[in-house]
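Quick notes on the structure that follows.
Just so it is clear: chains get the letters A, B, ... in the order the sequence lines come, proteins before strands, and each one is counted from 1.
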Protein chains: 2
Amino acid sequence: MKKAIDRRAARTRRALHDAMISLILRKGYEATTIQDIIDEADVGRSTFYAHYTGKEDLLRGGFERLRTDLTEARDSYSPRRRARRSEPLVFSLAMFQHADGYKDVYRALVGRRGGAVAVSEIRRVLSEFVRQELSTVERNGAIPRELALQFIVSAFLTVLTWWLERKPELAPTAVDEMFRRLVIKGIGSSTGLRVRST
Amino acid sequence: MKKAIDRRAARTRRALHDAMISLILRKGYEATTIQDIIDEADVGRSTFYAHYTGKEDLLRGGFERLRTDLTEARDSYSPRRRARRSEPLVFSLAMFQHADGYKDVYRALVGRRGGAVAVSEIRRVLSEFVRQELSTVERNGAIPRELALQFIVSAFLTVLTWWLERKPELAPTAVDEMFRRLVIKGIGSSTGLRVRST
DNA sequence: AAGATAGGGAACAGGATGTTCGGGACCAAA
DNA sequence: TTTGGTCCCGAACATCCTGTTCCCTATCTT
């Protein structure tokens, strides 16, 4: 029975993870090869495969901390600062602030340089949170629940990407305001567009 | 000077294109290798590279027809059936109907099996159309134009993907209604969610 | 019919992947 | 300190994919 993981192993894993982030920032996710990673981290080939099954697996490992951080933030925000129904989508501000703290990493992952794997992983994490919120809200039949879920997550990723790539100087709270406005009220009121009276 | 392209060449290009669609449907875009494609199409290796620079280039070629089809549809719809300002987002219904006609192809491209390349290509085509529409509408300063553009395109792709993968039996017009409602009015009125009175 | 043009296939070199096998560092027990 | 065990690590290998080169041959023109 082994409770604490070997220091050597931890060192190796951290080296691989750092090397991957560094390489993604330098040449993008798709273009980064396992060969590059083990060269940069200076570890052996089989060492890599002893820890991860491939490039994708290594990337996923980095999201564990995101999930726990986000859960903490959600739980500390939710009960006090925001009353249910009047303050929906509690995950968004926590996530924007999390991204603000790890801007380089996020930019490496969600931008054009970060691959589809990272985005789909973030999507999975976010879907969990949004799904929990949606399940407590009554819905009418116009928009199926699953579609609403996907819509919210996509909108969030869109705002996040736009923020990091175009307007990184904006404050997380300002970006969060835009996100909430778009998702809850749409673009109708801010463009003069009208929906047809069916 | 050669006006008409060689029949042999056209035959080869079509064979490669069909093979790729078939393989994407069978095992996904990322997993499909050039080796697979030329085996399936039964053409030589150098023949492939004589026509395309790689897998990505082959995929992009298939979108030329989409762009022209979509332009035609937009131009025939726009002037009569929809008056500006009261019927925004003229591209959407045409695109949904286009997707309805090529369901297999679209499903192969936008689903989980289709890669990021296809999605980003569709995004490019759509962005052109939405950008043209947005440029004719006055905006207030709450939501930057570029963000609104990305938001609309993402929402469209989300609805399109959800439709093809979850509810393919729905009519294009019904899906279009949902899309327009989400983009223009948001989810606020259909969930009971409210935005904070800032 | 015969030369010119251009598409098609075999083969090759370079590189990435994932596995195997043995050496050796770290840890616990005596 | 020694001894045995565990498991991390790296060199080397077979396999596969990629992109290019070279030559053959089908098609077109005169």
Any A/His51 side-chain nitrogen or oxygen under 4.0 Å from OP1 or OP2 of D/dC8:
no
Would you tell me if any nitrogen or oxygen in the side chain of A/Thr47 comes within less than 4.0 Å of OP1 or OP2 on D/dC8?
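So the side chain of A/Thr47 is outside the cut-off, no N or O lying under 4.0 Å from OP1 or OP2 of D/dC8.
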The helix from C/dA1-D/dT30 to C/dA30-D/dT1: angle between end helix axes, five pairs per end, rounded to 10 degrees:
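Taking the rotation axis at each end, their angle is 10°.
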Could you work out, with side chain to side chain donor-acceptor pair (under 3.5 Å) as the rule, every residue matching [X], not counting sequence neighbours?
{"X": "B/Arg123", "answer": "B/Ser154"}
{"X": "B/Glu56", "answer": "B/Arg60"}
{"X": "B/His17", "answer": "none"}
{"X": "A/Glu40", "answer": "A/Arg26"}

Sequence-distant partners of [X], salt bridge (charged side-chain N to carboxylate O under 4.0 Å, His left out), two or more places apart:
{"X": "B/Arg166", "value": "A/Glu146"}
{"X": "A/Arg45", "value": "none"}
{"X": "A/Lys167", "value": "none"}
{"X": "A/Glu169", "value": "none"}

Just the atom pairs and distances: protein N or O near nucleotides 26-30 of chain D's N or O, under 3.5 Å.
unit_1	atom_1	unit_2	atom_2	d
D/dC28	OP1	B/Arg7	NH2	2.8

Between [N] ([atom2]) and [X] ([atom1]): distance, integer Å:
{"X": "B/Phe48", "N": "D/dT18", "atom1": "CZ", "atom2": "P", "value": "9 Å"}
{"X": "B/Asp57", "N": "D/dT18", "atom1": "CG", "atom2": "P", "value": "15 Å"}
{"X": "A/Ile38", "N": "D/dG10", "atom1": "CD1", "atom2": "P", "value": "9 Å"}
{"X": "B/Ile37", "N": "D/dG19", "atom1": "CD1", "atom2": "C1'", "value": "14 Å"}
{"X": "A/Arg11", "N": "C/dA25", "atom1": "CZ", "atom2": "C1'", "value": "13 Å"}
{"X": "B/Tyr52", "N": "C/dG8", "atom1": "OH", "atom2": "C1'", "value": "15 Å"}

Tabulate atom names and distances for all N/O pairs under 3.5 angstrom spanning the protein and nucleotides 13-22 of chain C.
unit_1	atom_1	unit_2	atom_2	d
C/dA16	O3'	A/Thr33	OG1	3.0
C/dT17	OP1	A/Thr33	OG1	3.0
C/dT17	OP1	A/Ile34	N	3.3
C/dT17	OP2	A/Thr33	OG1	2.7
C/dT17	OP2	A/Ile34	N	3.4
C/dT17	OP2	A/Gln35	N	3.2
C/dG18	OP2	A/Tyr49	OH	2.8
C/dG18	N7	A/Arg45	NE	2.7
C/dG18	O6	A/Arg45	NE	3.2

Give a yes or no answer on whether the side chain of A/Arg181 reaches the backbone of A/Gly186 with a donor-acceptor pair at less than 3.5 Å.
no
Centre of B/Phe156's six-membered ring, under 6.0 Å away, within 45 degrees of the axis: is that where NZ or CZ of B/Arg180 sits?
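Not satisfied by the 6.0 Å and 45° rule.
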Those residues at least two apart in sequence (or on a different chain) that pass ring-ring contact (aromatic ring centres under 6.0 Å, His included) with B/His51 are none
